[in-house]
> 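This structure is in structure tokens; I'll ask about it shortly.
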Protein chains: 2
Amino acid sequence: MNANRREQIIHMAANLFLDRGYTAVTMRDLAQELGIKASSLYNHISSKEEILSAIVMGLAEEFSRHIEQVAQEDWGSVAKMEALIAMHVDTTLDKTSALACMNREWKFLDPDSRKRYLELRNAYEAQFLAIVQQGMRQGELKRRDPHIFSYSTLSVLRTLYHWYNKEEGFSKEKIKEGLVQNLLLGIVERPLL
Amino acid sequence: MNANRREQIIHMAANLFLDRGYTAVTMRDLAQELGIKASSLYNHISSKEEILSAIVMGLAEEFSRHIEQVAQEDWGSVAKMEALIAMHVDTTLDKTSALACMNREWKFLDPDSRKRYLELRNAYEAQFLAIVQQGMRQGELKRRDPHIFSYSTLSVLRTLYHWYNKEEGFSKEKIKEGLVQNLLLGIVERPLL
DNA sequence: GTCTATAGCGTGATAGAC
DNA sequence: GTCTATCACGCTATAGAC
């Protein structure tokens, strides 16, 4: 019942799930990567579902705490979104496999975790939307459909892990700057009349 | 060996795969939805993999043909991107489940299809990037990292199916207009100095 | 073209020796 | 804490009657 061993199992599982997907990875695969037999895993974890839950739920709570904190700061809408973008980039680069698991495999969570995950995700989207609406009310943002902007922006942030390492020279700072410019300032040189 | 029955199977499979994921849907589930037994499916299709391939590959070829055609038009970069955005929105709304399968389940394609799919996807990304670079060369777009812009824009277009039906009143035209504005023109009222 | 029956295999998980 | 052995089950796919 070594706790380090447990962490090691969960970490290795996240990497395998990232590569092949939750259902395609067997307990035998996972054990083999760690140099033990599948049955030995059960001294450290109680089920495959528990591993997924351990990977996903910690991260989901982390995102929730962060947006909660940002939302109550006394900042403008743009500053808040910059902080959220930065946090997504940091998490994507530091915890790639866990983040990819969260986005792709949450449907396989046990019912309780799944319910909690969806609550957290819906709350995150609602807080993000509120920040956008704040910006539009206060004149900092153009008055557009705030839903379309929120959903499409969150889509970019949630799928960074697909491409952040596809080209050389994508540093954290460069990605953050690029995303802020593209998402917030636009790319067209002179708005078409 | 009725061809309509085959189409019916493939269509139903796409819907189930969208809901529960390719691996979680069994041939028994699929057969039951159609009111027959699992073994009867094999009079119309030869394997579960073949169903996935039929769903995914047709759509992948369709996207390729479209960007190929747009790329060789004598349009500006912005007009080309607007055409691509419109095509993504149309396809997302008209073929939601097939599109979601393509994005989420392509890893389970048989090796040949998988190889072909990745070739098509890489070619699509390269063509999109070339359109962006064209715009920057010709002064139509701001000079930014074209990779970051391409990847993040494609992320939005590829994941539309996640949210396009979350709110009432998201019509095709409204989504297209919203995306063009958000992705190309930006949301910030007055660029921060 | 659908059925029943079943082959053949891989899965998550457990029991009990060491 | 890891092992061997195994259970109980579900999976894709096939054979052959109707």
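The chains referred to below are lettered A, B, ... by the order of the sequence lines, with proteins before strands, and numbering in each begins at 1.
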> Quick one: does Gln127(B)'s side chain have a donor or acceptor within less than 3.5 Å of a partner on Ile67(B)'s backbone?
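No.
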> Is there a donor-acceptor pair closer than 3.5 Å between any side-chain N or O of Ser113(B) and the backbone N or O of Leu109(B)?
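Pair absent, no side-chain N/O of Ser113(B) close to backbone of Leu109(B).
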> Could you tell me whether Lys172(B) sits above the aromatic face of Tyr164(B), with NZ or CZ closer than 6.0 angstrom to the six-membered ring centre and within 45 degrees of the axis?
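Ring-cation test returns no.
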> With sequence neighbours excluded, tell me which residues meet salt bridge (charged side-chain N to carboxylate O under 4.0 Å, His left out) with Glu62(A).
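Scan of Glu62(A) (salt bridge (charged side-chain N to carboxylate O under 4.0 Å, His left out), adjacent residues dropped) gives Lys95(A).
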> Between the protein and nucleotides 11-17 of chain D, are there any N/O to N/O pairs under 3.5 Å, and if so, what are the atom names and distances?
residue, atom, partner, partner atom, Å
dT12(D), OP1, Lys48(B), NZ, 3.2
dT12(D), OP2, Met27(B), N, 2.9
dA13(D), OP2, Tyr42(B), OH, 2.9
dA13(D), OP2, Lys48(B), N, 2.9

> Only pairs under 3.5 Å count here: list side-chain donor-acceptor contacts from residues 69-78 of chain B, not counting sequence neighbours, and write none if there are none.
residue, atom, partner, partner atom, Å
Ser77(B), OG, Ile131(B), O, 3.0

> Between P on dT4(C) and CD1 on Ile36(B), what's the gap in Å once rounded to a whole number?
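Between P of dT4(C) and CD1 of Ile36(B): 12 Å.
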